[in-house]
Amino acid sequence: MPLAGTRNSLSHKEKNKKKVSKDATRQEVLQSTSIPASLTVEAALVFPIVLFVLCGMLFFFRVLQIGHMTYGALAVSGSSLSLELETEDEGIGRAMGYFFHELTKENFPFQHIVNGKLGFRWTKTQLSGDYVDLWIHYDCKMPFRLLGLRNISITQRVRMKKWTGYQSGTGDGTREQWVYLAENGSVYHLTRECTHLRLSIHTMGKNAAVHAGYTSCNLCGSKNSENVFYYVTDEGERYHTKLDCSGLKRTVYMIRLSQINGRGACSRCGGG
């Protein structure tokens, strides 16, 4: 009888141990399954915030790039106008032409500007007096709304002194005129815009160029050329087989009128 009681007692203890072991195992399983679930919820909350911050940083660098490109194009426009501007009326049109030409060369992302090319405003621009003062205003599109901010407004300015064509300080209080002279040129020009200095280059069929009276260039022309077309200019008398021929280029210098050394005035821009 004591032996049977001892067996029952051992059996009861083993059952209790198994029950405790099962309860501990179940608790561990519940804990192990609840930890990933909590991490998933946290990740779902944090990921949009991280993505939002990354997009904001990328857009910020994009805006910096846009600003760098637009300012560079505006500087080129101001530099060109300061050399060539003669009347205020033609200034805005030329400025816009130089500006968009430079942006197009750089593959500017117009899609990020509100209204694209039409989104650039030139208010406050002043071209009168001795300075070229260019202002542009535009808005960059936000990829998302941040604290009520939809677009980023940007204003940029370039101010340069004009080349007036005169040099002061000659000793007697007078101002001396500056003129333009092409390399190896025999005449001087009063304006950089003279068509003898700004060549208008276009292509023409080989036979058509010969019939039009063009003769071969001494530098690149050849009677045995295999070209089916030539490069000619409206003001020139030669045809060219290469677009990079030096005969199609003009190196222009600015010199004082007193230094022309007997050269006559151009019949087109200085004959008067």
Side-chain angles (χ1 to χ4, degrees), residues 75-95 97-98 101-102 105 126-134 158-204 209-210 212-223 225 230-272:
V76 171
S77 303
S79 177
S80 300
L81 286 178
S82 66
L83 289 172
E84 303 172 359
L85 185 62
E86 295 179 357
T87 62
E88 184 179 354
D89 295 337
E90 66 182 3
I92 292 294
R94 284 197 184 185
Y98 288 127
H101 177 70
E102 290 298 317
K105 287 198 308 183
Q126 296 290 333
L127 300 176
S128 58
D130 294 332
Y131 288 89
V132 171
D133 195 2
L134 300 179
V158 167
R159 189 171 186 262
M160 296 184 178
K161 195 175 188 307
K162 296 179 182 177
W163 283 82
T164 58
Y166 292 90
Q167 173 81 14
S168 60
T170 56
D172 57 359
T174 60
R175 295 189 302 174
E176 188 174 1
Q177 186 176 3
W178 288 75
V179 295
Y180 301 92
L181 181 67
E183 187 176 22
N184 301 322
S186 59
V187 297
Y188 67 85
H189 306 266
L190 297 181
T191 173
R192 182 66 175 79
E193 294 300 306
C194 180
T195 53
H196 284 307
L197 296 178
R198 284 191 172 274
L199 298 180
S200 176
I201 304 173
H202 55 88
T203 59
M204 181 178 289
V210 174
Y214 289 97
T215 57
S216 62
C217 171
N218 295 331
L219 300 174
C220 69
S222 173
K223 294 182 179 180
S225 173
Y230 292 143
Y231 299 101
V232 299
T233 63
D234 293 335
E235 307 299 331
E237 299 176 351
R238 305 278 186 174
Y239 64 76
H240 306 263
T241 60
K242 298 180 179 180
L243 186 58
D244 59 351
C245 175
S246 59
L248 290 174
K249 300 178 181 179
R250 291 288 184 271
T251 301
V252 181
Y253 302 96
M254 288 182 64
I255 64 171
R256 294 184 177 91
L257 185 60
S258 60
Q259 297 176 334
I260 59 174
N261 297 326
R263 295 182 179 86
C266 170
S267 59
R268 185 155 302 170
C269 69

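These numbers come from a predicted model, not from an experiment.
To the nearest 0.5 Å, atom CG of residue Asn261 and atom CD1 of residue Ile255 are 7.0 Å apart. Distance check: Tyr230 OH to Thr203 OG1 gives 13.0 Å after rounding to the nearest 0.5 Å. Note that SG of Cys269 and NE2 of His189 are 6.0 Å apart. Values are rounded to the nearest 0.5 Å. Distance check: Asp130 CG to Met160 CE gives 15.5 Å after rounding to the nearest 0.5 Å. Once rounded to the nearest 0.5 Å, the distance linking CZ of Arg94 with OG of Ser80 reads 9.5 Å. To the nearest 0.5 Å, the span separating CZ on Arg238 from OH on Tyr214 amounts to 12.5 Å.
Annotation: side-chain hydrogen bond (donor to acceptor under 3.5 Å, both in side chains) contacts of Ser79 (sequence neighbours excluded): none. In this structure, the side chain to side chain contact (heavy atoms under 4.5 Å, CB included) partners of Leu219, at least two apart in sequence or on a different chain, are Cys217, Cys245, Ser246.
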Verdict with supporting geometry, Tyr231 and Thr241, side chain to side chain contact (heavy atoms under 4.5 Å, CB included) = CA-CA 6 Å; Tyr231 299 101; Thr241 60; over 6 Å; no

ask   = Going through the checks in order, is the side chain to side chain contact (heavy atoms under 4.5 Å, CB included) test met by Leu127 and Leu134?
value = CA-CA 8 Å; Leu127 300 176; Leu134 300 179; 3.9 Å; yes

query = Given Val179 and Leu190, is the side chain to side chain contact (heavy atoms under 4.5 Å, CB included) satisfied, shown in steps?
reply = CA-CA 5 Å; Val179 295; Leu190 297 181; 3.8 Å; yes

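Other residues, nucleotides and ligands contribute only 12 or fewer heavy atoms inside 6.0 Å of the CD atom of Glu237.
Both the sub-6.0 Å distance and the 45° axial angle are not jointly satisfied by Arg263 relative to the ring of Tyr188.
For the pair Cys220 and Lys242, the tightest heavy-atom approach, listed with the atom from each and the gap, is SG-N, 3.9 Å. Here the closest heavy-atom approach between residue Met204 and residue Ala209 is recorded as SD-CA, 3.4 Å. Listed here is the closest heavy atom pair of Met254 and Tyr180: CG-CE2, 3.5 Å. What you find for Leu81 and Ala95 is that their closest heavy atoms are CD1-CB, 3.5 Å.
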